[in-house]
K.L.:
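This structure is in structure tokens; I'll ask about it shortly.
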Amino acid sequence: MNDFAPEPYTPRVPKPFRDPSDRPQPRKREERPPLRIFPTTLWEYPSQHYDSPAMREAQKKERLLRGESPRPLEIQGDAVIGSGSMQGDKEYVGATPSWVIWQLLSRYTRENDVVVDPMCGSGTTLDVCRDLKRKGVGFDLNPQREEIRRNDSRKLPLDKESVDFVFIDPPYSTHVDYSDDARCIGKLDSGGDDGGRAYYRAMEDVIREIHRVLKPGRYMGLYVSDSWRKKRDRDGKAVKGSEFMPIGFELFAIMRKYFVAVDIICVVRHNKKLTYGNWRKAAEEGNFFLRGFNYCFIMRKA
Ligand SMILES: C[S@@+](CC[C@H](N)C(=O)[O-])C[C@H]1O[C@@H](n2cnc3c(N)ncnc32)[C@H](O)[C@@H]1O
């Protein structure tokens with residue numbers, strides 16, 4: 001039985017999109033709809049962040065208590081900094097859309113639950129935890145905030161079966177140069193000469209560690225994308241051919257060794273590059289696909 005079933009609510013029926021390129025792009029803040037639990041396995045939201053009334057109120061109160069006037073708003077793109085309208089840091093390359101974490105925590109955790117993010121980066125998970133009154137614990141090899149502890153996620157400094165939920169958004173192979181730390185899994189190529197063995201071995205170590213710290217019966221979410229690239233020679237020059245790396249299915253297969261599969265969510269990506277005419281043309285002419293979605297795998301520890 002799922003004792004994390006959400007409260008029933010009346011869904012609004014959205015207008016269908018004619019074509020993916022017609023989807024609204026996040027420009028103005030007014031376009032952010034209030035967050036509700038999504039009922040289907042196709043998740044989409046027009047912004048990286050959501051507006052957090054709870055966070056905004058708390059910040060306002062804190063300033064008033066200190067006898068200060070409400071802080072003037074600093075606007076960056078579609079986010080208003082310091083107002084509770086940004087979770088994590090959108091400038092951190094590879095930051096997770098906060099609403100994905102919000103969806104997971106709203107369904108699979110309760111107030112005061114301990115939520116761990118072993119690759120916490122800019123702290124998006126911690127901000128969502130604060131909004132939802134969960135106890136967020138963050139680790140990363142390249143921590144962007146004081147409260148995130150520097151740690152290799154293959155060995156978590158946590159007791160066995162002490163955690164209520166784990167969220168993780170790992171490097172998708174070598175896409176992003178996160179740090180100079182040699183232990184960064186983003187330095188391991190999932191399409192490398194070793195067939196990606198080092199990358200998947202490292203990720204299995206992380207997944208096994210998540211399994212160790214999670215309480216029985218509790219859940220984890222892993223957010224990831226597949227990868228595709230043109231082939232290059234040893235000097236980095238493009239050569240004929242391409243490589244597809246099914247990172248999602250490979251990680252899912254590893255997780256199934258340890259966890260029970262609960263569901264697979266398809267998360268629509270709102271990457272600006274997907275709308276660039278030259279990228280779309282190259283994909284059509286070169287007969288390849290731009291990556292339009294991420295997986296969010298939901299697993300339960302038996
Ligand atoms: C996709 S980013 C996570 C982004 C994060 N969820 C956020 O919203 O800011 C992947 C993170 O994994 C971290 N990382 C890579 N290898 C690691 C390891 N072995 N242990 C801990 N963190 C690692 C990187 O430093 C990077 O911050």
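Atoms within each ligand, like the ligands themselves, are counted from 1 in listed order.
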K.L.:
What atoms in ligand 1 come closer than 4.0 Å to a heavy atom of Arg154?
P.N.:
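In order of numbering, the contacting atoms are 19 (N).
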
K.L.:
Backbone, side chain, both or neither: what part of Met119 comes under 4.0 angstrom of ligand 1, heavy atoms only?
P.N.:
both

K.L.:
Which of the numbered atoms in ligand 1 are under 4.0 angstrom from any heavy atom belonging to Ala95?
P.N.:
7 (C), 8 (O), 9 (O)

K.L.:
Could you check whether Phe165 and Tyr219 have their ring centres less than 6.0 Å apart?
P.N.:
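Not close enough - the centres of the two rings lie 6.0 Å or further apart.
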
K.L.:
Does the ring centre of Phe288 sit less than 6.0 Å away from the ring centre of Trp228?
P.N.:
yes

K.L.:
Looking only at protein heavy atoms, which one is nearest to atom 24 (C) of ligand 1, and what is the separation?
P.N.:
Asp140 OD1, 3.5 Å

K.L.:
With a cut-off of 4.0 Å, which atoms of ligand 1 are near a heavy atom of Cys184?
P.N.:
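The list of qualifying atoms is 15 (C), 16 (N).
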
K.L.:
Using only heavy-atom distances, determine whether the side chains of Ser122 and Gln144 contain a donor-acceptor pair under 3.5 Å.
P.N.:
no

K.L.:
Can you find an N/O atom of Pro170 closer than 3.5 Å to an N/O atom of ligand 1?
P.N.:
no

K.L.:
Could you find the nearest protein heavy atom to atom 8 (O) of ligand 1 and give me its residue, atom name and distance?
P.N.:
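For atom 8 (O) of ligand 1, the nearest protein heavy atom is Thr124 OG1, 2.6 Å.
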
K.L.:
Tell me the protein heavy atom at minimum distance from atom 6 (N) of ligand 1, and give that distance in Å.
P.N.:
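Looking at atom 6 (N) of ligand 1, the protein heavy atom closest to it is Thr96 OG1, 2.7 Å.
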
K.L.:
Please could you name the atoms of ligand 1 that Pro171 approaches to less than 4.0 Å, counting only its heavy atoms?
P.N.:
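Result: 12 (O), 15 (C).
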
K.L.:
Backbone, side chain, both or neither: what part of Pro118 comes under 4.0 angstrom of ligand 1, heavy atoms only?
P.N.:
backbone

K.L.:
Roughly how far apart are Leu214 CG and Met220 CE, rounded to 0.5 Å?
P.N.:
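Answer rounded to 0.5 Å: 8.0 Å.
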
K.L.:
Just to confirm my output: which protein heavy-atom neighbour is closest to atom 17 (C) of ligand 1, and how far is it?
P.N.:
Leu141 CD1, 3.6 Å

K.L.:
Heavy-atom contact check, 4.0 Å cutoff: does Gly88 meet ligand 1?
P.N.:
no

K.L.:
Contact between ligand 1 and Ser179 is defined here as a heavy atom of the residue under 4.0 Å from a ligand atom; is it met?
P.N.:
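Distance cut 4.0 Å: Ser179 fails for ligand 1.
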
K.L.:
Tell me: protein heavy atom nearest atom 21 (C) of ligand 1, and distance?
P.N.:
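The answer is Asn151 O, 3.2 Å.
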
K.L.:
Ring centroids only, cut at 6.0 angstrom: are Trp99 and Tyr50 within range, meaning strictly under it?
P.N.:
no

K.L.:
Should Tyr178 be counted as touching ligand 1, given the test is an N or O pair under 3.5 Å?
P.N.:
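By distance alone, the answer is no.
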
